[in-house]
Amino acid sequence: MLLSVSGLTHRYPGQSRNVLTGVGFDLARGDSVALTGESGSGKSTVLHFLAALDRPDQGRILFDGHDIVPLADKPAAALRRSRIALVFQQFNLVPALTVADNIALHAHLGQRFDPEWTQTLIRQLGLAELVTRYPEQISGGQQQRVAIARALALRPDLLLADEPTGNLDETASAEVLRLMFRLVAEAGSALFLVTHSQNIARQCARRLHLSGGTIRPVGS
Amino acid sequence: MILTLRVLLSHWRHAPLQLGLLILGLALATALWSAVQAINSEARASYSRAVEQLGTRDLPSLTAPDGDIPLATYVALRRAGWQVSPVLEGVWTPAKESLTLLGVDVLSYPGAALMAQTTPATGLDPLAVLRPPGTLYAHPDTLAHVLQDTGPRVMALQELPQGIVLTDLSVAERLLGTSGRLSRILILPDQPMGLLPLTQLVPELELSTTDDGALGDPQRLTQSFHLNLTAFGLLAFGVGLFIVQGSVTLSVEQRRGTIHTLRCLGVPVATLIQALLLELVLLALVAGVLGLVLGYIVAGFLLPDVNATLRGLYGAPVAGALSLRPGWVLSGLGMALAGTGLAGLQALLTLKHMATQLTQASQAVARRRAGLIWIWAIVGLLLIGLAGGMLWGGNGLVAGFVGLAGLMLGCALLLPPSLFWALTFWLRMTRRPVLRWLIADSRLQLPGLSLSLMALLLAIATNIGVGTMVSSFRLTFTGWIDQRLAADLYVEAAGPQQAQAILTWAEARGARSLPQYRWTTRSASAPLLLYGVVDDPLYRQNWPLLRSLPDAWDRLHSKGAVLINEQLAHRADLAPGDMLALGPDWSARIVGIYSDYGNPDGQAIAGITTLQQRAVPLTLRRIGLVPPDGETPEGLAAALRQDLALPASAILAKDRIRAASVAVFDRTFVVTAALNVLTLGVAGFAMLTSFLSQWSRRLPQLAPVWAMGVSRRQLAGLELLRSLGLALLTFVLALPLGLGLAWVLLTVINLEAFGWRLPMFLFPADWARLLGLTGAAAGIAALLPILRLLHIPPARLLGVFSNDR
Ligand SMILES: Nc1ncnc2c1ncn2[C@@H]1O[C@H](COP(=O)(O)OP(=O)(O)OP(=O)(O)O)[C@@H](O)[C@H]1O
Ligand SMILES: [Mg+2]
């Protein structure tokens with residue numbers, strides 16, 4: 001099992017209620033999971049914990065059999081650098097770098113840069129003409145596609161995406177999803193996707209729903 | 001309006017540190033500026049006190065081109081009906097210290113009323129001044145140098161500047177050993193009608209104001225020193241303004257949300273701008289008052305050293321105490337207000353821009369500004385060109401300083417483009433991802449940092465420039481003093497008889513003696529000190545000649561020729577081969593020019609036989625001695641003390657004098673060094689504030705990189721690297737500028753100010769020390785943001801990726 005989560009409980013300082021109360025689920029290589037839930041239910045919070053960007057009050061997150069919750073900043077950073085890629089809801093890009101540099105950055109950092117694969121991504125995501133521009137010079141949807149290209153370019157073991165298609169039209173989101181599933185199938189990655197869209201959620205292998213601080217499976 | 005102001009001001013409650021830095025920066029700038037102003041006005045007041053209170057200010061006077069005016073000329077003027085008053089001026093050395101003796105006619109001298117005022121308190125009637133043995137007036141501190149037991153009565157007169165002794169003409173004639181000669185004739189304000197014009201009566205005399213008399217001399221001589229201080233003060237003020245500029249602009253950017261909301265609530269742009277202006281005025285007043293207090297304290301600390309410099313370098317009379325002048329307070333506050341206005345200009349523009357275009361991304365603005373960077377380069381190059389022309393073509397002290405200012409400002413303007421292009425080039429060269437990000441990110445940050453980096457550049461360049469000048473001067477000075485102190489021992493004689501006794505004793509002992517006969521005279525209406533020397537091989541070997549004709553020493557001793565010092569040569573535009581006027585019927589051929597540091601006055605050397613033939617009034621106080629073969633200087637000194645019963649303090653070994661002179665020299669430049677360090681400190685402070693002000697804009701830059709697996713510690717290291725790297729690059733660019741500055745100071749400014757040109761030496765060890773200091777300043781400036789970065793909660797960084805950015 002690539003990822004095994006159990007008993008995640010968390011309360012933000014100053015809040016009266018727990019955001020999460022004992023969240024648990026598993027995620028294997030080649031698997032794809034969609035997480036749905038109301039706005040403010042805690043989806044992004046779960047995602048941040050999975051990437052070791054922040055720490056839950058309680059619970060265990062086993063990544064390849066090792067608990068990443070107690071990790072210090074440095075090993076956590078090393079883990080993200082080479083094995084976990086993230087796509088956030090917005091503001092993903094480094095303002096100082098061009099689109100091309102942004103796309104290559106994470107793969108370079110993880111020392112897994114593959115020029116051919118990167119070129120494929122740029123072409124398929126329709127970014128070829130934007131590579132010399134800076135983030136503030138392209139639209140929100142284009143920025144989102146750059147962020148996805150950057151995450152895919154790393155070929156991570158775990159791909160975490162927070163509403164990656166929120167700003168995209170239907171053709172573009174279909175293309176994004178196709179590329180993500182291709183990565184899962186070819187590289188044996190695992191995909192954890194937060195979305196509001198039932199249509200997108202249905203395309204993933206499994207669906208989870210977050211509500212009242214706990215997660216339960218949807219459908220079958 | 002008031003409501004808007006209150007909303008705007010409420011921002012500071014959440015940013016007390018920033019407010020503190022802003023006020024401190026402005027206060028520091030004002031403090032340094034007003035400290036320099038206080039010192040300057042204090043010294044100027046000292047100089048003019050005499051002229052003003054003695055009532056001779058702005059009185060025209062007559063002087064003779066070759067020095068002295070015969071008494072008969074004065075009598076002729078009186079006979080013709082002119083209301084005039086005679087003045088005799090000379091150097092008088094009653095004890096250790098040389099004083100300026102002013103002999104005046106008590107009945108006609110405009111300042112006589114002041115002398116009379118003090119008399120009744122001491123129980124003497126005014127006419128007692130005239131009766132033998134006469135009365136000397138001097139500042140109480142100066143009186144200590146006047147021997148109380150010999151000659152005339154002495155009396156304290158608070159209003160006199162230090163170093164000046166005022167007395168009746170006849171007493172002065174007696175003390176100076178002259179008769180029938182005057183230095184100046186003052187022309188009194190009220191003249192009867194129908195007089196013959198002066199040009200007809202005394203065509204040989206020149207008409208001028210009292211400025212070139214003993215009381216006016218310091219003003220002329222020290223002008224350069226004060227200009228120097230003012231330049232330093234202005235520089236520090238400018239550097240301080242960079243701090244204010246950074247903080248104020250930042251505070252506007254931080255209030256983007258507030259401004260947005262106020263605009264949506266219907267507040268017009270004009271009101272916002274007025275409110276910001278009002279805020280700036282408030283800040284300026286608070287900081288200005290604080291700065292004045294600080295400035296007063298700094299001035300109090302520096303004043304003794306400045307006075308030491310003025311006395312040591314120029315012999316200028318300055319009083320010791322600092323007094324509070326209303327003009328000074330007003331000008332300090334005015335500078336604070338004007339400076340804040342200037343520094344706030346960008347903030348006002350930002351506000352206007354922000355209020356009208358609320359949707360613009362700040363990165364787009366930064367990138368557009370970076371795109372316009374070549375304009376800086378062009379303006380910078382233009383300024384440097386202009387400055388070059390000014391230094392090349394212009395002459396005079398002011399042209400030199402203006403040229404310098406242009407050079408420095410031009411180079412400062414070139415800094416941001418140079419850094420930008422260097423970073424762009426480097427970005428092309430490197431492949432390492434983190435480094436590429438760091439470079440690209442630094443380039444984007446450059447517009448926000450460039451002002452503080454410019455401040456740093458100026459501070460480093462000034463440090464190198466002034467440091468090189470002082471160290472070159474010191475090296476030259478110590479080398480020169482070794483040459484000048486040719487003998488091993490120097491004996492100070494108490495009077496003519498003792499001097500003669502020492503000479504006789506030395507001859508009997510087989511020691512060579514180098515007596516320094518002196519004659520104080522005037523040439524071309526400026527004081528001239530003429531030394532008479534004996535023909536000793538030591539002079540030929542050691543004396544520091546800059547330029548000379550062949551056989552200079554032979555011609556000096558056999559043909560009545562003279563050597564003159566560099567400042568006299570520069571001032572009177574004299575070269576070897578020219579003639580030097582020494583009296584009405586006496587001019588001597590100049591056969592050489594020697595370097596002479598440490599005094600601004602004209603000096604000349606003649607053979608003692610020449611002077612004796614002319615029967616000029618010589619004094620002899622100092623005699624150099626060289627022991628005969630086989631005897632040590634210590635032995636000779638001991639024997640001399642014993643045989644002639646001289647006090648120990650009268651005999652000085654060469655090394656002692658050398659050490660004392662070097663100590664005086666070092667003391668002279670204490671102020672310069674202090675201002676140097678202060679300027680660098682202020683520049684470091686400017687860097688700190690600009691790093692802090694960038695900080696709020698940094699999070700969106702850092703968060704994505706952090707999310708991709710660059711740890712916070714690594715990011716902190718990179719921030720430090722960036723700060724150090726930029727400081728290093730700035731240093732590299734500042735080094736040539738600093739050396740250029742030193743060159744201009746040594747060859748242009750020094751020549752104009754003192755009349756001597758100095759060779760330039762390089763001091764790489766000093767540069768290394770300065771580089772260390774710069775690195776430390778940059779490191780400390782980056783420390784606060786780094787500490788914040790190390791301890792920032794992940795939630796803050798994650799906040800970047802949610803809506804509430
Ligand atoms: N740093 C924080 N401090 C305090 N409360 C927070 C913080 N971040 C999130 N919250 C709160 O925790 C809850 C969960 O937030 P989270 O961002 O995980 O929701 P979400 O499910 O991703 O919502 P959305 O679909 O709108 O993105 C919300 O009520 C939010 O207000
Ligand atoms: Mg969310």
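No experiment lies behind these values; they were computed from the predicted model shown. Throughout, protein chains are lettered first and strands after them, A, B, ... in sequence-line order, and every chain is numbered starting at 1.
- Among A/Leu53, A/Val94, A/Asp54, the residue making the largest number of heavy-atom pairs under 4.5 Å with chain B is A/Leu53.
- Proximity to chain B is limited to the side chain of A/Arg150, based on heavy atoms less than 4.5 angstrom apart.
- Per-residue heavy-atom pair counts under 4.5 Å with chain B were compared for A/Leu109, A/Asn102, A/Ile84, and the maximum is reached by A/Leu109.
- For a residue to count as touching a neighbouring chain, one of its non-hydrogen atoms must lie under 4.5 Å from one of that chain's; by this rule A/His106 touches chain B with backbone and side chain alike.
- Ranked by heavy-atom pairs shorter than 4.5 Å toward chain A, the options B/Leu798, B/Leu702, B/Val705 are led by B/Leu798.
- The shortest heavy-atom contact between B/Gln701 and A/Pro95 is OE1-CD, 3.5 Å.
- Close approach to chain A, defined as a heavy atom under 4.5 Å from one of its heavy atoms, is seen in B/Arg713, B/Gln714 of residues 713-733 of chain B, taken by number.
- Within a 6.0 Å sphere centred on CH2 of B/Trp374, heavy atoms belonging to other residues, nucleotides or ligands number 12 at most.
- Atom CZ of B/Phe425 sits in a sparse spot, with 12 or fewer heavy atoms from other residues, nucleotides or ligands closer than 6.0 Å.
- Contact record, A/Leu97 with B/Ala440: CD2-CB, 3.4 Å, taken as the closest heavy-atom pair.
- Atom NE2 of A/His66 is surrounded by 12 or fewer heavy atoms from other residues, nucleotides or ligands within 6.0 Å.
- A/Leu154 places none of its side-chain heavy atoms less than 4.5 Å from the side chain of B/Met708.
- Considering only heavy atoms from C-beta on, A/Asp73 comes within 4.5 Å of B/Trp706 through its side chain.
- Taking a 6.0 Å sphere around CZ of A/Arg60, one finds it holds 12 or fewer heavy atoms contributed by other residues, nucleotides or ligands.
- The local environment of CH2 in B/Trp426 is sparse, with at most 12 non-hydrogen atoms from other residues, nucleotides or ligands closer than 6.0 Å.
- Rounded to the nearest 0.5 angstrom, A/His108 NE2 and B/Arg431 CZ are separated by 6.5 Å.
- Among B/Ala703, B/Ser711, B/Ala795, B/Pro793, the residue with the largest count of heavy-atom pairs under 4.5 Å with chain A is B/Ser711.
- Only the side chain of B/Arg443 comes within contact range of chain A, with heavy atoms under 4.5 Å apart.
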